[in-house]
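Worksheet for the structure shown next.
In what follows, every chain begins at residue 1, and chains take the letters A, B, ... in the order their sequences are listed. Computed from a prediction, not measured in an experiment: that's the story for all the values here. Values reported hereafter were calculated over all heavy atoms of this structure, with side chains retained and with hydrogens, waters and symmetry mates removed.
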Amino acid sequence: MTDDHSDQRSSDRQSAIDRLTTRREILTRAVGTGASLAVLGPAAAALAGCAGDSESAEPTTSAAGDTAKRGGTFRIALAFDSASATLDPHKQFAGYPDGCRANNVFDMLTDTAPDGTVEMRLAESIEAAADGMSYTVRLRPDVTFHDGKPLTIDDVIYSYRRTADPKTGGSFTSQFESVDAKNIRKLDGLTAVIPLNRPNTDLIGNFFLVNIIQDGATDFTSPAGTGPFSVESFTPGREFTFKANPNYWVSGQPYVDELHGVLIADQEARVNALLAGDVDAIESLTLTRAKSFQDSGEFAVRALQCNTTIPFVMNSQETPFTDPLVRQAIRLIADRQELVTSAFAGYGAVTNDLYGRGQPLFNDELPPREQDLEQAKALLQQAGQEGLKIVLSTSAIQAGMVEASTVFAEQAREAGVQVELEEIPSDSFYGDRYLHYPFSATAWGSWSIPLIYEQTLWSKGPWPETQWKDPEFDKIFLEAQGATSPETKRSLYFDLQERVYNDGGYLYWADGQWVEGYGSNVRGVSERTYYPLGAYDFRSVSLA
Amino acid sequence: VAAVDVQEDSPPSIVSRRSPLIGATIRRLGIGVITLVGVSIVIFVATEVLPGDPARSYLGRAATPELLEQTREELGLNQPLHARYRAWLSGVVHGDFGRTLATGVPVREVFRDRVTNSLILAGLATCLLIPLTLLFGTLSALRPNSMLDRLIGVSTLVAISLPEFVVGTLLIYILAIQLDLFPPVSLFGVGQSPLSEPEKLILPVLTLLAGTLGQSVRMMRASMRHVLRAEYVQMAQLKGVPRRRVLVRHVLRNALVPTVQIFAQGLQWFIGGIVVVELVFAYPGIGHALVQAVAVRDYPLIQAAVLVIAVIYIGINIVADLLALFLTPQLRTGDA
C-alpha cells in the first residue's frame with residue numbers, strides 16, 4: 001500500500017512540475033550558459049521539495065504502475081566501491097555502494113520519501129509516545145526472509161540493539177545514541193517498544209538507516225534479508241548480482257528479474273559502458289560533459305537536486321574565528337554562484353549558509369546571502385583583522401572540493417584576505433586533525449535537517465565541526481528534538497537555523513545534485529535523494 | 001674476416017659450454033630471489049610510512065578512538081612491523097598471500113582470475129609487439145630517410161609521447177564511439193575468460209601496444225643501423241654475398257641480442273601500462289586491483305599485487321639476460 005501511495009504522490013508532483021514546464025527549460029538554459037541559478041534556486045527547490053530537478057523526463061516518470069514491463073536485468077555502474085565492502089548492513093563503511101547493497105537485500109522499518117517525509121516500509125505503524133520518550137513499532141504481518149523464515153519483532157529488536165551498541169563497531173551507532181537499547185520491550189510477535197534516554201521525536205527520521213537482519217545473524221557472506229532482491233553473488237570491490245525476491249511484500253515488485261552492479265571507477269569508462277549498452281544506469285556523470293550528453297540525447301541525463309554539500313567550516317574555538325565578525329565577513333566573501341559554476345559545473349543550487357533547503361523543516365524565511373566585499377572588509381576592520389591570513393585545509397575526498405577551495409581563495413584575495421590552501425591526502429583528512437582544523441572544507445551527504453543538526457551542530461554530537469559551544473543553542477536543540485507538536489518543532493528548528501544563519505561557523509554555499517545517466521529503456525527510477533540513483537531504490541524500475 | 005667466418009661457417013655449439021650457462025642461470029636466479037626479498041621489505045616499510053592507515057581509511061569519519069583501536073586489533077595492525085613481516089613472508093613462501101583486510105577473503109582468490117586476465121592482455125600485446133617491431137624496425141633501418149622511414153619515425157614518436165590514457169581515450173573515441181567498430185569498455189564478469197569475447201580485447205591491446213611499440217621500433221632501428229654499418233657487413237657485401245643472405249645471416253643475427261633486451265623492456269613497459277589501460281577500459285586485471293587496494297590502504301592486497309608484479313618484472317629480466325648469454329658467444333665463455 002505504502003508504495004502505491006508513494007508512486008501516486010510522485011506522479012502528482014511530476015505532473016505539477018510538467019505544468020510549469022518553463023522551469024525545466026529555464027534550468028537547462030541556466031546550466032548551459034552558466035548563468036545564475038540563484039534567481040530561481042529557492043523557487044525551484046521549494047517547488048520540487050528536495051527532488052525533481054529532472055532535466056530528462058524519461059527515466060524519472062515515476063509511476064511504472066501495472067503497465068510496467070516485467071523481467072530483464074537492470075545493470076548499474078557504481079562510481080566507487082571498495083574491496084573492503086561488506087554485506088553486513090550495519091557496517092557500511094564503504095559508503096554508498098554498501099548502502100546500495102544493504103537496501104536492496106535488506107529492508108528497513110521506514111524510508112525517506114523524495115519530499116523528506118517518513119514513509120512506512122516494514123513497519124505498519126510507528127507511534128511516538130506523548131512524552132517523546134519511546135516509539136511503539138508494529139510490523140507488517142506478511143513479510144518473510146529470503147530463506148522463508150517469517151519476519152518477527154525479534155529480528156527488529158536484534159537489529160536495533162546491534163546498531164546502537166558501540167561494541168558492534170557499526171557505521172550508524174552515533175545516530176541511535178538516544179536509544180535505550182537494553183530496555184527495548186517486546187509486546188507481541190509483531191510489536192515492540194523502543195525506549196529512549198531523552199525525548200527524541202526526530203529519531204523516526206533515522207529509522208531508514210537500520211536494515212533489518214535476522215535475529216542472531218553474524219555471518220554475512222550470503223545473508224538472508226527481506227529486501228526486494230536476494231544475494232546471488234558478490235565480489236567485493238568488483239561486482240554483485242542479486243535476484244528478484246519472488247515473495248517481496250510489495251506484490252508485483254520488483255519488476256526486473258535481476259540487479260547487477262559493477263564497479264567502473266573511471267568516469268569516461270562509465271559513460272562508454274552506458275553508450276555501448278553494457279550497463280543501463282551510471283552514477284556520477286562527468287559534470288563538465290553532462291550538458292553535452294544531455295544535448296546529444298545519446299542517453300537520458302538526470303540532475304536531481306539534493307542536499308549533498310561541500311561547505312567550508314570555521315572553527316569557532318580557533319582564532320580568528322572566535323570572533324563572530326570574522327565568521328560573518330568570511331561568509332560575505334563567497335561568490336556562491338561562481339563556486340557552483342566552477343566546482344559543480346553549474347549542477348547545484350546556491351544556499352545561504354543553511355543546510356537542507358527544500359526539506360519540511362527548512363527555514364525559508366531568511367534572505368539569500370550575496371557576496372559583499374565592502375561589508376566584509378568593514379567587518380574585518382571592525383574586528384581588527386585587516387590583512388588577515390588564514391589556512392584553508394582541503395582534500396579531494398569529494399569531487400569539486402579542491403576546486404571550490406581554490407576559487408574561494410581567489411575570491412578572498414579581493415577582500416584583502418590571504419587564504420593559503422593546505423591539501424591533505426584523502427585518507428588522512430578525517431584523521432587526528434579533523435574537528436580541529438581552524439578553517440577547512442568538509443562534505444556531507446543528503447540527510448535530514450534534524451540528523452545534521454544533531455550530528456554536527458549540537459555541541460555533544462559526534463562531529464561538531466564548527467566547535468560552536470552555545471549553551472542556549474544546545475538547550476533549544478534538545479527542546480526541538482523532543483518536541484511532540486509539529487508546530488513547536490518547526491518554530492524551534494526555525495529559531496536554530498536563524499542562529500546558524502546569523503552566527504554559525506558554516507559557509508554552506510550550495511546544495512549539489514545527483515547527475516546520472518540512464519539508458520533510454522529505463523523507466524520508473526525513484527526520486528529519493530539520500531543516495532545516488534534514486535537512493536538505489538530499484539523496486540519500481542522496469543526496462544521497456 | 002676471421003670473425004665473420006667463424007660466425008658464418010661454424011654455428012655456435014653449446015654442448016661444450018653448458019656448465020658456464022648453468023652457473024650463470026643459478027647466479028641470476030639467486031640475484032632475482034635476493035631482489036625479491038628486498039622488494040618485499042621495501043613494500044612493507046613503504047606501506048607503513050605512508051600517511052594514513054587502513055583502519056582510518058576504512059572507518060572514515062566514523063573513526064572514534066575506541067572503534068579505531070578495535071578495528072586495528074581485528075586487522076592485526078597492532079603487532080610490530082617485523083612480526084607482521086615474518087608472518088607474511090612465511091605465508092608467501094607457502095603460497096598464502098594472506099587475506100584482504102576488511103572482508104577477510106583470501107588474496108589469492110581476489111587475484112586468481114585477475115592475474116590471468118592481465119597476462120592475457122600483456123601476452124596478446126607481446127604477440128603483436130615482436131613481429132611488428134621486427135617488421136617496422138627493419139624496414140625503417142634498411143631505407144633510412146625514405147618516406148616510409150620518416151612516417152614510421154614520426155608516428156612512433158607521437159605514440160611514445162602520448163600517455164596510455166590519452167591513446168586509450170582517442171582510440172575509444174574514434175574506433176568505438178565514432179566508427180562503432182569495437183566495444184569501448186571491457187567488462188568481464190567474475191570467472192569469465194576475456195578470451196570468450198575477444199572483440200573486447202582489441203582496444204586495450206592496441207592501447208597497451210601503442211607506446212611500447214613506438215619505443216621498441218625506434219630501438220630496433222637504431223640497433224639495425226649500428227649493425228648495418230659494421231665492417232663485417234660491409235665486407236660481406238663487398239664479397240658479393242647476396243643482400244638477403246647478408247641481412248639474415250649477419251645483420252639480423254647480430255642485432256638479435258640488443259633486440260631481446262628491447263623486447264624485455266617492452267614487456268616491462270606493459271606492466272606499467274596495464275595499470276592505466278585497465279582503468280580506462282574497466283578491465284578486471286591486477287593493475288585495477290592494485291589501484292583500488294592503494295585507495296583503501298588494503299596492505300595485504302597491495303603487498304601481493306606489487307610482489308606479483310615484481311616477480312614478473314624480475315622474471316622477464318632473468319630470461320632476457322639468459323637469452324643474451326645464450327646468443328652471445330663471448331659473454332657465454334667469459335672471453336669478452
Side-chain angles (χ1 to χ4, degrees), chain A residues 75 77 80-87 91-95 166-167 169-174 220-221 233-239 241 260 262-266 268-279 298 397 424-432 434-435 442-444 455 462-463, chain B residues 50-54 56-68 70-71 74 100-105 107 109-110 114 165 168-169 172-173 176-177 180 182-191 200 203 276 278-284 288-289 291-298 301:
Chain A
R75 301 156 304 168
F80 166 80
D81 207 345
S82 158
S84 60
T86 169
L87 287 175
K91 294 188 178 181
Q92 298 183 16
F93 293 110
K167 287 197 198 75
S171 44
F172 296 123
T173 308
S174 73
F220 292 91
T221 43
S233 71
F234 170 51
T235 311
R238 190 156 162 194
E239 62 177 27
T241 304
H260 182 72
V262 58
L263 164 72
I264 307 185
D266 185 79
E268 297 303 320
R270 274 201 301 284
V271 168
N272 291 331
L274 183 60
L275 286 172
D278 283 338
V279 294
E298 283 168 289
I397 49 169
I424 294 170
S426 44
D427 67 326
S428 17
F429 187 72
Y430 292 128
D432 295 333
Y434 177 59
L435 301 181
T442 190
W444 287 99
Q455 306 282 308
W463 301 298
Chain B
L50 273 178
D53 79 73
R56 199 176 274 292
S57 112
Y58 169 63
L59 295 169
R61 196 180 338 232
T64 59
E66 305 82 49
L67 203 50
L68 264 178
Q70 187 186 337
T71 310
E74 279 170 18
T100 67
L101 282 187
T103 40
V105 178
V107 169
E109 212 162 281
V110 177
R114 286 185 180 266
F165 67 89
T169 310
I172 290 171
Y173 182 72
I177 307 292
D180 201 15
F182 311 111
V185 275
S186 311
L187 294 172
F188 294 99
V190 174
K200 286 188 179 173
L203 289 185
V276 180
E278 289 182 352
L279 264 190
V280 170
F281 291 93
Y283 185 88
H288 205 165
V291 172
Q292 279 174 260
V294 170
V296 296
R297 297 272 185 274
D298 201 323
L301 269 181

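- Between chain B and the options A/Gly169, A/Ser171, A/Ala77, A/Gly277, heavy-atom pairs under 4.5 Å are most frequent for A/Gly169.
- Only the side chain of A/Glu239 comes within contact range of chain B, with heavy atoms under 4.5 Å apart.
- The closest side-chain heavy-atom distance from B/Glu66 to A/Pro166 is not below 4.5 Å.
- Minimum heavy-atom separation, A/Ile264 to B/Ala282: CG2-CB, 3.7 Å.
- Annotation: the span from A/His260 atom NE2 to B/Leu187 atom CG amounts to 7.5 Å, rounded to 0.5 Å.
- Counting heavy-atom pairs under 4.5 Å between each of B/Ile172, B/Leu68, B/Val291 and chain A puts B/Ile172 at the top.
- Pairing each heavy atom of B/Val280 with each of A/Ala269, the nearest pair is O-CB, 3.2 Å.
- Across A/Leu435, A/Asp432, A/Val271, A/Thr221, the residue that shares the most heavy-atom pairs under 4.5 angstrom with chain B is A/Asp432.
- Between B/Gln292 and A/Leu263 the shortest side-chain heavy-atom distance falls below 4.5 Å.
- B/Gln70 contributes a side-chain N or O that, together with a main-chain N or O of A/Lys167, makes up a donor-acceptor pair within less than 3.5 Å.
- Looking only at heavy-atom pairs under 4.5 Å with chain B, the residue among A/Arg238, A/Glu268, A/Arg270 that has the most is A/Arg238.
- To the nearest 0.5 Å, atoms CG (A/Asn272) and OH (B/Tyr173) are separated by 11.5 Å.
- In terms of heavy-atom pairs under 4.5 angstrom with chain A, the leader among B/Pro183, B/Gly189, B/Ser186, B/Ala289 is B/Gly189.
- Neither the backbone nor the side chain of B/Tyr283 comes within contact range of chain A, judged by heavy atoms closer than 4.5 Å.
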